[in-house]
Amino acid sequence: MATEGGGKEMNEIKTQFTTREGPYKLLPHSEYSRPNRVPFNSQGSNPVRVSFVNLNDQSGNGDRLCFNVGRELYFYIYKGVRKAADLSKPIDKRIYKGTQPTCHDFNHLTATAESVSLLVGFSAGQVQLIDPIKKETSKLFNEEGLLSSQNQASSPGGTVV
């Protein structure tokens, strides 16, 4: 519906605009609820890794998703591309202090609905075996290999939230 003077449509809904305070834009739910919305920094951006596993549980939601953002590791129920995961309710969340996760993968052969083994590699060379369903840490490998006495505080002692 155009105005008399040939101007823009009066009922137009804006998806982004800029004010003195800064730019505003309409975000989809999956992007808005993303943990720790950190602006993209092309110079020092941390790599994000994603791992999937199917647990074949009876509820029909057997897929699980694990990803890391910086020093944080998240574990969620994955419902497919058409329905976004509820990012406000992770099954397991771990925050690591001195070092950060650089890679991770599930053991697909031993995964069950009650337990799944996740192997996590860290930037200082350690490898940790965890179970995000039971929320327990099984083993830490190569702990002494690359750590000097001054870096003992930087072992990947993750905190479960």
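Count residues from 1 along the sequence. Basis for what follows: all heavy atoms, side chains included, without hydrogens, waters or symmetry-related copies.
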Atom pair [atom1]/[atom2] of [X] and [Y] - distance to nearest 0.5 Å:
X	Y	atom1	atom2	result
Gln128	Leu140	CD	CG	5.5 Å
Leu129	Leu119	CG	CG	6.0 Å
Arg94	Lys135	CZ	NZ	9.0 Å
Cys66	Leu73	SG	CG	4.0 Å

Over all heavy atoms of both residues, which pair between [X] and [Y] is shortest? Give the atoms and the distance, please.
X	Y	answer
Ile133	Ala113	CD1-O, 3.7 Å
Ser115	Asp131	OG-OD2, 2.5 Å
Thr99	Ser123	OG1-OG, 2.7 Å
Pro101	Val120	CB-CG1, 3.9 Å
Arg71	Gln100	NH1-N, 3.6 Å

Spell out, yes or no, whether [X] and [Y] are grouped together once hydrophobic residues are joined by side-chain heavy atoms under 4.5 Å, including indirect joins.
X	Y	value
Ile130	Ile91	yes
Phe122	Val127	no
Tyr96	Phe141	no
Leu55	Ile77	yes

| query | Does the side chain to side chain contact (heavy atoms under 4.5 Å, CB included) test come out yes or no for Asn68 and His104, once each step is laid out? | reply | CA-CA 9 Å; Asn68 65 299; His104 43 80; 3.2 Å; yes

| Aromatic ring proximity Tyr78/Phe67, centre distance under 6.0 Å |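 So the answer is no for these two rings.
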
| Residues in side-chain contact (heavy atoms from CB on, under 4.5 Å) with Thr19, at least two apart? |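 Partners of Thr19 under the side-chain contact (heavy atoms from CB on, under 4.5 Å) test: Phe17, Glu21, Tyr24.
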
| request: Can you label the angle between the Tyr76 ring and the Tyr74 ring as parallel, tilted or perpendicular, going by 30° and 60°? | output: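 Rings of Tyr76 and Tyr74: parallel, as their planes differ by under 30°.
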
